[in-house]
Amino acid sequence: MIKAVIIFNTAGKHRLVKFYEEIPHDKKNEIIANLFKECTKRGEYSCNFIEESNLWRGCKVIFRLYATLYIVFVVDEAENELGILDLIQVFVEVLDKAFENVCELDLVFHPERAYALLEELVMGGMVIETNISEIWKISQNMIALERKS
Amino acid sequence: MQAPKKEQPTRLRDLIKAVRACKTAAEERAVVAQESAEIRESFRDETYRFRHRSVAKLLFIQMMGYPTNFGQVECLKLIASSNYTEKRVGYLGLTQLLNEKDDVLMMVTNSMQIDMNSSNTQIIGMALTALANIATAEMCRDLSKDVCKLMSHNNSYIRKRATIAGARIVRKCPDLIEDFQGEVPKVLEDRSHVVVMNGVNLLLEIIKIQPNIKQAFVQYSGLVVRAMRNLIHTVHSPEHTIGGVTDPFLQVSLIKLMSKIAGAEPSEEMTDCLAQVATNTEPAKNAGNAVLYECVRTIMDISSTSGLRVLATNIMGRFLLNRDNNLRYVALNSLLKLVKVDLLAVQRHKTTIIDCLKDADIAIRKKALELTYCLINESNVKQIVKEMIDFLIAAEPEFKEALVTKLCLAIELHSPTKQWHFDSVLRVLTLAGSYVPEEVVASTAHIISSTPELQSYAVHKLFNALVDNTEQQGLVLLALWSIGEFGNFLVSETLKTSDGELKAMTPNEIIQGVEKTMTPIAADICKEYALTALIKLSVRIPQAVQSIRRLIEQQISALNVELQQRACEYIQLLGSNWDSIRGPLLEKMPIYAKAPAVDIPTTDSSSPVLEKPKTPTQPNSAQNLLDIETLIFDSQPIQQSQIQQSTEVPQPQFESLLDLFSSTPQPSFPAPVLNPVTGDISEPDKFEDFVEITPIKHNFIAFEDEEINVDFNCTKPEPDALENTQISVIVSNKCSKDIVGFKLSAAVLKHLEFSFSSAASTSMMPGGSIQMQMKMKNKAQGQKPIAIRMKIDYTIDSVPRSKLSTVDSFPPNY
């Protein structure tokens, strides 16, 4: 199960924060701060996994750095690390398609769209759709409906 | 300004801009606080038109980590709205701003139910998403029927969402599993890939919650295998293909499910299918490797045939050789699991695994170390330990500690000969002696003392190593201990070994060697060991008594009370009036029964070696024999006579001798035994009285590490009010840097009261110290001891340190 999807930039500013588990507000901030610390520690050629028991008990962290953004997935033991890496790639491609060459500013100024796209990809901690064009279609649909209302 | 603002509140975009323009965190907080206040104000107005904009702004504020609880009710209002945009923002706010524990959540159940029966698929989807993300058990129960119905909706967009919502429901209300169990086969045969994948995920969730109903799902294994076959063989549209693999996400889910429903004996068609996937999947891209990796995990989980297992190990072997660190990481991870089942299969990859120890990535190195450690056995220990020691040279401090711990454990457990054991530990000590756990030093000392044929060799080797290198504390301690115990071999014997001759030393050389460890910057513990080594050498090498006396005398003025006291005692002992007992008193330590197995606390209980029952440890042996602080001179008449007897009949005395050394710095025989100022030794017959009464003075080290030292000098200022204690706290800087901003705080139990006079200064130069006065009143004096919890904060090189310590070495009746 996916426990959290978090995006922050290389300066540690939160860009998208989604927890799929009950966690008190303060604890969330603490977890993200620790994630940031661990992610920035890793070298350019290091692997994309972090397994620190003090970060989040029984969970693995899978992250990828795209330009200035860290995309971080926290998942439990049952998840396939390599599969999650692919999922991160799918997520980025979805964002890229929706924002046309996504950059950090897109996430800054349209957080609600980023959240909506994530909800098409992961729901309640489970992967719901991995087909990029399908997600794209749904999001276009949504925009159309919004315009109408 | 005020009036138009009410009409047209700041847009989200402007808020974001304002926040981004902030230069300091305080400015940002101010902007957020101002905006939050305005939003809160705006919510008062029931007819407010921009409610969704406010909630969107709250989402942004929440993401930055600020509290936004006041917006919760607004989300509910938005969800109930008929406007699509408002509803969407409302649902988004619901999942982000609300917690499962918030009572407001209950109020949304009704709106969600209405939305689930909407004609707009998007709206149904939103309600299902909200349920899957935050529904409470109660909500799950109320909406379970609707979700079940939606699982057979004619739109796959709804079906997939309903399936995942179902997973939330079974997690929250396990008693509803039956309702969803029936839907599973239908979903597994769905035309849509994603619905199948979500069906598999639902099934995995059900099995996770109730593992004992696994058996009921074994019947689906045929279905799952067919679905898998279908995926591999038929050609699908390119949009399902990632990296040349058809829907790797679905494949991974199906393979994962196989491991759960394989039953006791996996069916032949499942085994075939796994073999097919393992051989035919294209490993060029990450997607293919994800499938292969999942395949390996399943093969290891089920009771596979050996053929399958070989296939899995080979895949991992390929991963290990890959240049992609991610693949190597998962390979090491899987081999760590495999090593418990099939050690031999993993042994074949030994060389590659050991190579990973020098990888640039610390995550890989750590995994490789864990795995290497599991691979060590009697037959390969020499080779692997040699390689690990080679890596130790290049390792950075962060990794050194882990490496040394595993290395010492491996040497301890698998050493073929004692000589090799000693040689290996010596190498580790020479390279990284400061990282070696104390227990290893103790158990090596035990090996030397219990193996007479090794003693001469060991003391020569250690002495040479010490002369070359006094930086590594572990090495210094072991060397000093050995020189003290077996120094006589150093002067009398020249040894021939395979790698050259170990020359006999002159007494002068030996004393110079010890002197090197007693520099002013050396750690106190080293000096303590050195002092005892010297006093022992006074009987082993009588020619050197003069230099020994000179070295001990230097410590009489040591700042450390322990050192000062020992030095005074030893100088007295060197006096001619103690000639008769000095010899027997400074005899070699008796060989104690058994060295404790190295018991290094380890977090990974998965390591197979540690699963063996541990050798029962004897709490009071090795460590305490080395515990120089409690050396013999805390003597009492009875104990002295015991020592004299012990040379004649050593056997039955062991117990009492061990007792002698067993305690930590012992306050029960207080300082008056020796008066450090005059050096007088009190007459033995006075002791009886002394032991019983409350010690008036008591000095000890309350806290010590490599940087600072905190001494407590306690006195009872008023003889008729023994509950009062005056503690003078002396903090000294042991490191070579300035300490600034020193702060000591303390907490005590209820029966204690204390007051503190602050120090004159909060900074210390290297070697400097500060003094504070503490008044302690023990209201339960005689019944409860004094214990203080101390927190020490200070800064070195602008790096703040914070240390905690419990001080409970006060005498029990103090």
Side-chain angles (χ1 to χ4, degrees), chain A residues 1 13-18 20 22-26 28-29 32-33 41-43 45-51 53 62 78-87 89-90 108-112 115-116 119-120 123-134 138 141-142 145-149, chain B residues 13 16 20 56 59-60 62-65 67 83-86 88-89 92 96 99-101 120 122 128-129 132-133 157 160-161 164-165 167-168 193-194 197-198 201 204 208 239-240 242-243 247-249 252 256 286-287 289-290 293-294 297 325-330 360-364 603:
Chain A
M1 204 182 126
K13 287 259 180 251
H14 308 177
R15 292 300 175 226
L16 184 141
V17 177
K18 181 84 200 165
Y20 294 99
E22 274 308 290
I23 286 172
H25 186 76
D26 293 348
K28 279 185 190 170
N29 286 344
I32 301 176
K41 246 196 247 168
R42 309 308 287 272
Y45 299 105
S46 304
C47 64
N48 299 85
F49 313 126
I50 303 170
E51 226 175 292
S53 52
I62 294 127
E79 290 296 332
N80 183 318
E81 293 98 327
L82 299 176
I84 297 291
L85 274 182
D86 270 337
L87 191 66
Q89 182 63 32
V90 169
V108 172
F109 285 106
H110 304 281
E112 79 294 342
Y115 279 112
E119 279 191 348
E120 296 304 319
M123 175 175 142
M126 287 177 170
V127 183
I128 185 154
E129 178 65 77
T130 54
N131 187 333
I132 297 163
S133 36
E134 186 70 31
I138 296 165
N141 229 336
M142 258 182 210
L145 273 171
E146 252 173 67
R147 293 237 168 87
K148 240 190 276 169
S149 67
Chain B
R13 173 174 285 267
I16 296 170
R20 280 169 61 82
L59 277 175
F60 177 74
Q62 191 254 3
M63 186 171 62
M64 291 195 297
N83 179 303
Y84 177 79
T85 312
E86 290 193 352
R88 209 172 68 80
V89 174
L92 206 53
Q96 285 298 101
N99 244 331
E100 209 185 300
K101 290 184 192 74
N120 185 332
Q122 301 276 344
L128 286 171
T129 310
N133 280 339
Y157 179 76
K160 69 182 183 190
R161 286 184 177 250
I164 298 277
R168 170 91 181 189
H193 279 200
V194 271
M197 181 173 79
N198 293 321
N201 286 340
L204 284 170
K208 194 164 113 195
E239 61 187 33
H240 281 116
I242 298 179
D247 209 338
F249 295 101
V252 166
K256 199 183 289 170
N286 184 56
N289 287 326
Y293 173 49
E294 196 60 48
R297 296 216 296 184
N325 273 356
N326 290 334
L327 290 187
R328 275 192 293 169
Y329 181 86
V330 295
D361 183 353
I362 187 148
I364 302 254
T603 41

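Residue numbering restarts at 1 for every chain, and letters A, B, ... go by the order of the sequence lines.
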Contact origin within [X] toward chain A - heavy atom pairs under 4.5 Å:
X	value
B:Phe249	side chain
B:Ala56	neither
B:Ala287	both
B:Asn289	both
B:Glu294	both

Count the heavy-atom pairs under 4.5 Å between each of [options] and chain A, then report the option with the highest count.
options	value
B:Asn325, B:Val252, B:Leu92, B:Asp361	B:Asp361
B:Asn326, B:Asn133, B:Ile362	B:Asn326
B:Asn201, B:Asn83, B:Thr129	B:Thr129
B:Val89, B:Leu59, B:Leu128, B:Val194	B:Val194
B:Glu86, B:Lys256, B:Met64	B:Lys256
B:Arg161, B:Met197, B:Lys208	B:Arg161

To the nearest 0.5 angstrom, please state how far the [atom1] atom of [X] sits from the [atom2] atom of [Y].
X	Y	atom1	atom2	value
A:Lys28	B:Gln62	NZ	CD	5.5 Å
A:His110	B:Ile16	NE2	CD1	8.0 Å
A:Asn141	B:Gln122	CG	CD	5.0 Å

Of the backbone (N, CA, C, O) and the side chain (C-beta and beyond), which part of [X] lies under 4.5 Å from a heavy atom of chain B, both, or neither?
X	answer
A:Asn80	both
A:Ile62	neither
A:Lys13	side chain
A:Ile32	neither
A:Met142	both
A:Arg42	side chain
A:Gln89	neither
A:Thr130	both

Problem - Test applied, salt bridge (Lys or Arg N to Asp or Glu O under 4.0 Å); reference residue, B:Arg88; option that passes from A:Glu119, A:Glu146, A:Glu112 - result: A:Glu146
Just so I know, are the side chains of [X] and [Y] near enough to count as touching, which here means a heavy-atom distance under 4.5 Å?
X	Y	value
A:Lys18	B:Met63	no
B:Arg168	A:Tyr20	no
B:Asp247	A:Asn131	no

Practice task
Kindly write out the residues that satisfy ring-ring contact (aromatic ring centres under 6.0 Å, His included) with B:Tyr157, not counting sequence neighbours, or none if the list is empty.
Solution key: none
Picking from [options], which has the most non-hydrogen pairs under 4.5 angstrom with chain B?
options	value
A:Ala78, A:Gly125, A:Pro111, A:Pro24	A:Ala78
A:Arg147, A:Lys148, A:His14, A:Glu134	A:His14
A:Asp26, A:Val17, A:Ile128	A:Ile128

Problem - For A:Lys41, salt bridge (Lys or Arg N to Asp or Glu O under 4.0 Å) partners two or more places apart - result: A:Glu38
Give the minimum heavy-atom separation between [X] and [Y], together with the two atoms involved.
X	Y	answer
B:Tyr293	A:Leu82	CB-CD1, 3.8 Å
B:Ala363	A:Cys47	CB-SG, 3.9 Å
B:Asn120	A:Leu145	ND2-CD1, 3.8 Å
A:Met123	B:Ala165	CE-N, 4.2 Å

